[in-house]
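Chain identifiers are assigned alphabetically (A, B, ...) following the order of the sequence lines, protein sequences preceding nucleic acid strands; residue numbering begins at 1 within each chain.
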Protein chains: 2
Amino acid sequence: MLDPVSRVRRFNRAVTSAVGALDTSFLGRGRPLGAARVLNAIGHGRSDVAEIRDYLGLDSGLMSRLLRSLEDEGLIETETHESDARRRVATLTRTGRREFAAYEALSNTQAEGFLAQHSQTEALLVAMDLIASTLTRDRIALEEMNPRSEQARYCLGEYYAELGRRFSQGFDVSLSRDPDAKDMRRPRGSFIVAMSDTLPIGCVGLKGTDHGYAEIKRLWVAPAARGLRLGRRLMDAAESAARELGITLLRLDTNSALPEAGQLYRSTGWREIPRFNDDPYPDLFFEKRL
Amino acid sequence: MLDPVSRVRRFNRAVTSAVGALDTSFLGRGRPLGAARVLNAIGHGRSDVAEIRDYLGLDSGLMSRLLRSLEDEGLIETETHESDARRRVATLTRTGRREFAAYEALSNTQAEGFLAQHSQTEALLVAMDLIASTLTRDRIALEEMNPRSEQARYCLGEYYAELGRRFSQGFDVSLSRDPDAKDMRRPRGSFIVAMSDTLPIGCVGLKGTDHGYAEIKRLWVAPAARGLRLGRRLMDAAESAARELGITLLRLDTNSALPEAGQLYRSTGWREIPRFNDDPYPDLFFEKRL
DNA sequence: CATGATATCTGACTCTAGTCAGATATCATC
DNA sequence: GATGATATCTGACTAGAGTCAGATATCATG
């Protein structure tokens with residue numbers, strides 16, 4: 001009754017029936033699920049027909065018919081792609097935008113309704129993030145981004161907040177040597193964000209310096225994504241970027257209050273070196289030759 | 001990107017595609033999903049055809065055809081109900097049992113595979129329990145049970161374990177006044193277990209005494225089910241049982257290390273009274289007149 | 001034993017999703 | 001401009017899930 005497998009299967013049963021209810025909410029507007037899915041894909045900015053087909057995993061014949069039915073309803077318009085006349089591009093009409101908004105409202109209401117069931121909303125959200133990250137593990141994409149992008153700034157904010165919780169003396173960004181965003185962009189460096197679906201769940205910065213080495217900065221993995229070996233993937237990606245940029249020596253600083261980070265570095269070829277900067281927070285220093 | 005509703009919707013997307021994969025596992029044995037669901041319902045002990053129909057929400061015509069197809073495959077046998085010749089009862093044949101076992105093995109393998117994705121299995125399981133409990137909240141059933149039943153003993157074991165964690169001096173059942181099981185069964189008292197699907201997630205005991213009052217004992221809610229106001233539901237059920245038994249005065253003892261319990265009692269009409277027993281663990285005593 | 005309710009079964013039907021085989025137009029490339 | 005690849009469309013098809021209206025047998029009840 002209580003072994004791990006039973007617990008997973010109980011979850012599966014609970015979710016399967018809930019997803020059934022979710023589907024009916026999509027069917028609540030008198031339109032087959034397939035057509036609703038295509039409409040929503042277009043509403044979410046996927047305009048290229050081939051892209052939608054790929055995203056939803058549909059046969060080209062079926063896709064074509066679904067587009068036709070949405071056109072007949074007056075919800076979308078299609079035109080040929082501007083640079084490739086074989087391709088088609090779909091856009092919502094005014095009516096289509098209204099219908100899409102109605103689906104969005106349905107989804108939002110449903111999500112709010114679910115949250116309202118529970119008095120400890122945050123615990124519930126954390127649990128959902130954890131499961132969503134695990135389920136979509138194979139689809140976590142590492143993307144190089146501007147460190148000033150919305151996603152990057154979110155990650156950094158969470159990173160600082162976590163340091164504040166983990167360091168007994170707290171953490172004040174202004175006291176730390178905050179890397180210049182320019183140093184974490186090509187060609188001097190790089191900033192990589194791990195995206196799970198639309199949610200940033202981790203990041204790492206590669207900061208170029210003028211001292212013959214680059215630094216790894218701001219390695220962070222969202223609590224919901226820990227245990228998926230994402231830290232390792234991020235570090236691998238940062239090293240690859242460094243190699244591409246012709247960097248041969250990497251350094252980083254960290255704190256013994258973050259033991260899992262130290263363990264990661266030690267197990268991936270980094271070796272401890274003496275202090276190489278005067279930042280007040282770190283007390284552990286590593287180096288790795290590429 | 002990070003508001004609660006987006007997080008719920010991200011979870012929905014993740015789970016919807018995963019559930020698709022779950023369905024295909026059911027389809028992996030060359031049998032339509034409907035037939036597989038009926039076979040599994042029978043395998044899990046639902047033999048009454050009407051009961052299966054109700055559980056799976058099927059039309060009687062469809063149900064009849066699915067049964068026929070399983071019979072044709074030699075997986076089940078049906079006979080008329082022993083006390084009502086209109087009803088039919090389905091049982092697995094030897095082949096059917098083998099096929100059911102194959103589905104079970106598939107489900108178990110899939111569940112294990114999911115757990116293996118994550119290095120922090122327990123955190124993942126706790127998150128799944130929390131979500132499953134929330135999703136099935138409306139289907140949490142309070143059942144009066146023998147306090148010696150497997151479900152009741154599981155709840156009590158978890159209850160004692162939790163007290164051991166919460167009390168600074170630990171908790172030793174043998175030092176506490178362990179209620180006699182007879183006192184928590186009709187007609188002297190009652191023992192109520194909250195079941196979510198097959199998992200016991202809470203309990204409460206109503207213990208009859210010879211002192212003109214009954215006691216509320218062993219109120220416990222599983223961590224995964226907290227926030228669903230289940231404690232309140234259990235207390236309501238215990239009070240209803242007490243009223244049915246003609247009990248007019250209730251007492252209980254608790255400990256200030258369990259603040260959420262004290263808050264629940266205070267907000268539901270209980271008033272604090274002086275110590276009325278010599279149990280070493282409680283330091284707070286309440287009374288409620290029905 | 002008549003009557004209405006209940007459980008199951010059967011036949012006829014619909015809708016949705018999806019597959020498959022071409023047809024057509026366009027693109028990239030030599 | 002010929003050739004093979006690609007994107008879309010159309011027609012013909014299947015399977016699964018489900019609905020609906022009776023038919024039949026049985027039950028509970030007066």
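Distance CZ (B:Arg53) to P (C:dA7): 7 Å, rounded to an integer number of Å. If you measure from atom CZ of A:Arg37 to atom C1' of C:dT16, you get 13 Å, rounded to the nearest angstrom. Taking atom CZ of A:Arg87 as the reference point, atom C1' of C:dA28 lies 13 Å away to the nearest angstrom. We find that CD of A:Glu51 is positioned 13 Å from P of D:dA7, with the value rounded to whole Å. Protein atom CZ of A:Arg88 is 10 Å distant from nucleotide atom C1' of D:dC9, rounded to whole Å. To the nearest angstrom, P of D:dT8 lies 12 Å from CG of A:Asp59. The distance from atom CG of A:Leu33 to atom C1' of C:dA17 is 10 Å, rounded to the nearest whole Å. Computed from coordinates, the B:Leu66 CG to D:dA17 P distance equals 7 Å when rounded to whole Å.
Here B:Arg65 does not reach the OP1 or OP2 of C:dT10: none of its side-chain N or O atoms lies under 4.0 Å away.
The partner of D:dA23 is C:dT8, by the rule that a Watson-Crick or G-U pair needs both atom distances under 3.5 Å.
Ranked by how close their nearest DNA chain C nucleotide is to the 5' end, A:Leu58 and A:Ala85 are led by A:Leu58. Nearer to the 5' terminus of DNA chain D, by closest-nucleotide assignment, is the contact made by A:Gly61 (compared with the other of A:Gly61 and B:Ser60).
For B:Arg86 against C:dT6, a side-chain N or O and a base N or O form a donor-acceptor pair under 3.5 Å.
Side-chain N/O atoms of B:Arg88 and B:Thr80 include no donor and acceptor closer than 3.5 Å. Side-chain N/O atoms of A:Ser133 and A:Ser196 include no donor and acceptor closer than 3.5 Å. Judged purely by distance below 3.5 Å, without hydrogens or angles, the side chains of B:Thr91 and B:Glu77 never pair a donor atom with an acceptor atom.
Backbone-only contact: B:Asp84 has heavy atoms under 4.0 Å from sugar-phosphate atoms and none from a base.
With B:Tyr55 as the aromatic partner, B:Arg46 meets the cation-pi criteria of under 6.0 angstrom to the ring centre and within 45 degrees of the ring axis.
Distances from the side chain of A:Leu62 to the nucleotides C:dT8, D:dA5, C:dG18 place C:dG18 closest.
Here B:Glu99 does not pair with B:Arg94 in a salt bridge; the nearest charged N to carboxylate O distance is not below 4.0 Å.
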